[in-house]
Student: 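Mind looking over this structure? Questions follow.
Counting begins at 1 with the first residue of the sequence.
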Amino acid sequence: YDGVLSQWAESRARHLTAERERDEARAALKDCANGLEGEVKGRYDGAHNYPSEIRLFERDMAPVVRARAVLAKDPSNG
């Protein structure tokens, strides 16, 4: 019985550590997406009247869109 309980406790501790690491990685991804979005929007501010600038804006925003899609998969992410 003690061996089973010990294995369960170790498994639970690994699970909680993995959850914490996942949450930290998601928070870092959110911070990166927010920072990159601010930089890109600042760079292309007022340049949306030109098709070439729109294409560059969309290209540079693509990582932000991908990051937000990943974050949206988990509704518990704030």
Side-chain angles (χ1 to χ4, degrees):
Y1 177 76
D2 287 338
V4 172
L5 184 58
S6 176
Q7 287 178 341
W8 176 85
E10 288 176 15
S11 174
R12 184 68 182 144
R14 282 191 304 272
H15 178 74
L16 291 174
T17 299
E19 282 183 356
R20 185 176 356 97
E21 290 173 353
R22 182 205 63 208
D23 292 345
E24 290 172 359
R26 292 179 69 78
L29 180 60
K30 183 177 180 180
D31 289 344
C32 289
N34 290 341
L36 180 58
E37 180 180 29
E39 290 293 321
V40 171
K41 285 184 174 181
R43 186 181 319 143
Y44 294 102
D45 187 36
H48 295 306
N49 296 329
Y50 305 99
S52 62
E53 293 292 321
I54 293 171
R55 284 191 298 276
L56 292 173
F57 175 81
E58 289 173 351
R59 179 203 65 195
D60 291 350
M61 283 295 289
V64 174
V65 172
R66 285 194 309 271
R68 298 252 164 83
V70 168
L71 293 170
K73 290 180 183 178
D74 182 5
S76 69
N77 185 54

Student: Working to the nearest 0.5 angstrom, can you tell me the gap between D31 CG and L36 CG?
Tutor: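 Output value for this atom pair is 12.5 Å.
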Student: What pairs with E24 under side chain to side chain contact (heavy atoms under 4.5 Å, CB included), at least two apart in sequence or on another chain?
Tutor: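 Counting only residues at least two positions away or on another chain, E24 forms a side chain to side chain contact (heavy atoms under 4.5 Å, CB included) with R20.
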Student: Using a 3.5 Å cut-off and no angle test, enumerate the donor-acceptor pairs between side-chain atoms of residues 10-17 and protein atoms at least two apart in sequence or in another chain.
Tutor:
unit_1	atom_1	unit_2	atom_2	d
H15	NE2	E19	OE2	2.7
T17	OG1	A13	O	2.9

Student: Might you confirm whether atom CD of E53 has over 12 heavy atoms from other residues, nucleotides or ligands at distances under 6.0 Å?
Tutor: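 Counting other residues, nucleotides and ligands, CD of E53 exceeds 12 neighbours.
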Student: Might you work through the side chain to side chain contact (heavy atoms under 4.5 Å, CB included) test for V70 and K30, ending with a clear yes or no?
Tutor: CA-CA 10 Å; V70 168; K30 183 177 180 180; over 6 Å; no
Student: Taking all heavy atoms of R26 and all of L71, pick out the closest pair and write down the distance.
Tutor: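 R26 and L71 have their closest heavy atoms at NH2-O, 2.7 Å.
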Student: Got a list of side-chain donor-acceptor pairs under 3.5 Å for residues 56-67, not counting sequence neighbours?
Tutor:
unit_1	atom_1	unit_2	atom_2	d
D60	OD2	R43	NH1	2.8
D60	OD2	Y44	OH	2.7

